[in-house]
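Structure first, then comments.
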Number of protein chains: 2
Amino acid sequence: MSARQVTLAEVAKQAGVSLATASRVLNGSTRQVSEDLSERVLRTAEELGYVPNASAQALARNSSSLVGLVVHDITDPYFSCIAAGVTRVAEEAGLVVVLGTTGRRPEREAELLSTLRAHRARAVVLAGSRTTDRASQSRLAAEIDAFTEQGGRVACVSQAKLGTDTVVPGNRAGGRALARALTELGHKKFAVLGGPSDLVVARDRLAGFKAGLADAGIAPPVVVNGAFTRDGGYAAAMELLGSKSRATCVFAVTDVMAMGAMAALRERGVRVPEDMSIAGFDDIPTLRDTVPALSTVRLPLEEMGEIAAGLVLDAGGDEARTVRVAGEVVLRASTAHN
Amino acid sequence: MSARQVTLAEVAKQAGVSLATASRVLNGSTRQVSEDLSERVLRTAEELGYVPNASAQALARNSSSLVGLVVHDITDPYFSCIAAGVTRVAEEAGLVVVLGTTGRRPEREAELLSTLRAHRARAVVLAGSRTTDRASQSRLAAEIDAFTEQGGRVACVSQAKLGTDTVVPGNRAGGRALARALTELGHKKFAVLGGPSDLVVARDRLAGFKAGLADAGIAPPVVVNGAFTRDGGYAAAMELLGSKSRATCVFAVTDVMAMGAMAALRERGVRVPEDMSIAGFDDIPTLRDTVPALSTVRLPLEEMGEIAAGLVLDAGGDEARTVRVAGEVVLRASTAHN
DNA sequence: GCAGCGCTGGAAAGCGCTTTCCCGCCACGC
DNA sequence: GCGTGGCGGGAAAGCGCTTTCCAGCGCTGC
């Protein structure tokens, strides 16, 4: 039992070459090794079933093949799509993805980063949306610094200004364009189901939406805040229905929240879109088959993950790069003319 | 730039103790260290911002804090739910999850296992459904052996008989119970949208369903196979509609496939459930708000992930343990009396 | 013909940590 | 008084790999 792992030394001995040569053959150094030695080593390694010890390599090279990915909740399709993009790129590059989940607790983000630093991860993609909470922000900033000083790279999805590479979806612009599209449908009174007030993504989408309404000379919307989840959308919608709002169209800052909201509306007998139009944001693929089909702002989520991974893996210059990704308004059956 | 990482040696020197003592203090060995030395080390480590080098630890201890998780597609809510369960448990145990995706290519599973072995992962949860393909099966079995011989533990979700710990959902029983429930609604002619014929999960659910129909003395269903995805369900449903089948109720072996199927039906003007009843399997949380609500067999997916992680992390005996998880038939609006 | 160069192979010094020894010290028992 | 354990501390030997440095050798160029 527990047959000791085959080591490079054994391969070298068996093949009758030095450790150095074996290492050079099996792990592609710049140095040349003669044809026959090389082949002998390769064959022996194959025969013995040699698998290099990644920890030892990481230690010797002072860099590992780990890439971190930090999300709030992997069940949330928003994150799982991004995760798919990140893993695809990482795996193509021969790297391995470490998945960390925060459960939406901001302080977990810094903890995870520290763990990732311990593992000498060569890069990290931070996909969890940033909050405006002071304390956790500065703790996080410190961890990011420590991480980059150690030679690691960090990319964020969704928020700039951390001095890192960033993939920025057009939250503001998307919200604004959506508002415009909805006003063009004739709606005059709007409500917004917003996320927690300290979430940057939620704020941006809301701000953009308000700006769009203002463009059209329409009164600001009623805003009800709720958690950034299906249940948050449900609760917010319920609260909205309980109020005396006369809105004919509601914008949930997230598709997932919109799903919850639609459930609430259904429960209360409010028909969508006849009695109330509703729109979301993200265009989650898994949710595209819902009835009525949800109007939303499409974000290329997987692609965003790929871009983030790309940024973080290709060494790049010293300056923080920012890639903007546009959202595209998609009007479907959940929004009607008014 | 790139300030060298603080090492244990530096902490030890700074604190005026030996390397051994510092190690003992900071990484809890069995040995005692006197109060004042201990405190001095702790304080110095804190001041210097010491973070242990996980690779070095792994190398020295010959075991890492990595747990592997292998899925087909993290975007698929089935897998992301399981992933959530696994990560929760792993993180609570202070371990780190490595996410590998196969993209549904069976050979990737063995590759990933080999990578995980290189990283000396202490355990792996295989969530991707097993196929019946000979070649990849034996390659996988070999990798599993290699992995366990090296001291790692392996657990599977959904398939037994690999000599590993396993979480087995009641695919067969669930399919059977569902069939019974549907026949009780009065349906006499059934169709099944099955997965690829070599997927064990798909086969089991189908077999159970057939058995259930047989119990009720009903003719075997028409079976149309398709990919284990939304698009697979869509395509299979289209094929079914194109045939001369007179089925009044269709069972898609997966909720995700059922979603695709419902889209197909809608497109062809077939009303659910008036013209056709439809049921799925899994009860994916994200899909619970669809209209009409999908009848299905509920599986506690996150819990299954937790159980698998639990099995794989708690050393356990030598024997392969099997935990059975029952599916529960949930009839909703997508199935009507006939 | 010989200095010098480029190239390949090997010896060995780490990488940062854990852990086994070993040593000195103290309390104890006879 | 001295032998015995037990215990806390340190020196040092690895863990498996990479990489520098050096040795040897066959060539080229003057």
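Proteins get letters first, then strands, A, B, ... in listed order; numbering begins at 1 in each. Because the structure is a prediction, the values reported are computed rather than measured.
- Atom CZ of A/R61 is separated from atom P of D/dG16 by 17 Å (rounded to the nearest Å).
- Distance check: A/T102 OG1 to A/F79 CZ gives 7.0 Å after rounding to the nearest 0.5 Å.
- Taking every side-chain heavy atom of A/Q32 into account, C/dT8 is the closest of D/dG10, C/dT8, C/dG14.
- Taking NE2 of A/H72 as the start and CZ of A/R104 as the end, the distance is 6.5 Å to the nearest 0.5 Å.
- Between B/N27 and C/dT18, a side-chain N or O to OP1/OP2 separation shorter than 4.0 Å is present.
- Closest to the side chain of A/L37, from the set C/dG9, D/dT18, D/dG10, is C/dG9.
- Distance, A/E35 CD to C/dC7 P: 17 Å, rounded to whole Å.
- Computed from coordinates, the A/R31 CZ to D/dC22 P distance equals 13 Å when rounded to whole Å.
- Projected onto DNA chain D by closest heavy-atom contact, B/S34 and A/V51 fall at different nucleotides, the more 5' of which corresponds to B/S34.
- A salt bridge is absent between A/R139 and A/E109; no separation between the charged side-chain nitrogens and carboxylate oxygens falls under 4.0 Å.
- As rounded to whole Å, 16 Å separates atom P of D/dC17 from atom CG of B/N53.
- Nearest to the side chain of A/T21, among C/dG9, D/dG9, C/dC15, sits C/dG9.
- In this structure, A/L26 atom CG and D/dC17 atom P are separated by 9 Å, rounded to whole Å.
- Classification of A/D198 and A/R134 as a salt-bridged pair fails, no side-chain N sitting under 4.0 Å from a carboxylate O.
- Minimum atom distance to the side chain of A/S18 is reached by C/dG10, of the listed D/dC17, C/dC17, C/dG10.
- Candidate nucleotides C/dG16, D/dG9, C/dT18 were compared by shortest atom distance to the side chain of B/Q57, and C/dT18 ranks first.
- Atom-to-atom, CD of A/Q14 to P of D/dG16 comes out at 17 Å; the value is rounded to the nearest Å.
- Listed candidates were D/dT18, C/dG10, D/dC17. Nearest to the side chain of A/S23 is D/dT18.
- In terms of polar N and O atoms assigned as donor or acceptor, the side chain of A/R24 comes within less than 3.5 Å of the base of C/dG10 in a complementary pairing.
- When the C1' atom of C/dC22 is taken as reference, atom CG of B/L19 falls 17 Å away, rounded to whole Å.
- In plain terms, the two heavy atoms of A/A93 and A/L313 that are nearest each other are CB-CD1, 4.1 Å.
- A/L8 has its CG atom 19 Å from the P atom of D/dG14, to the nearest Å.
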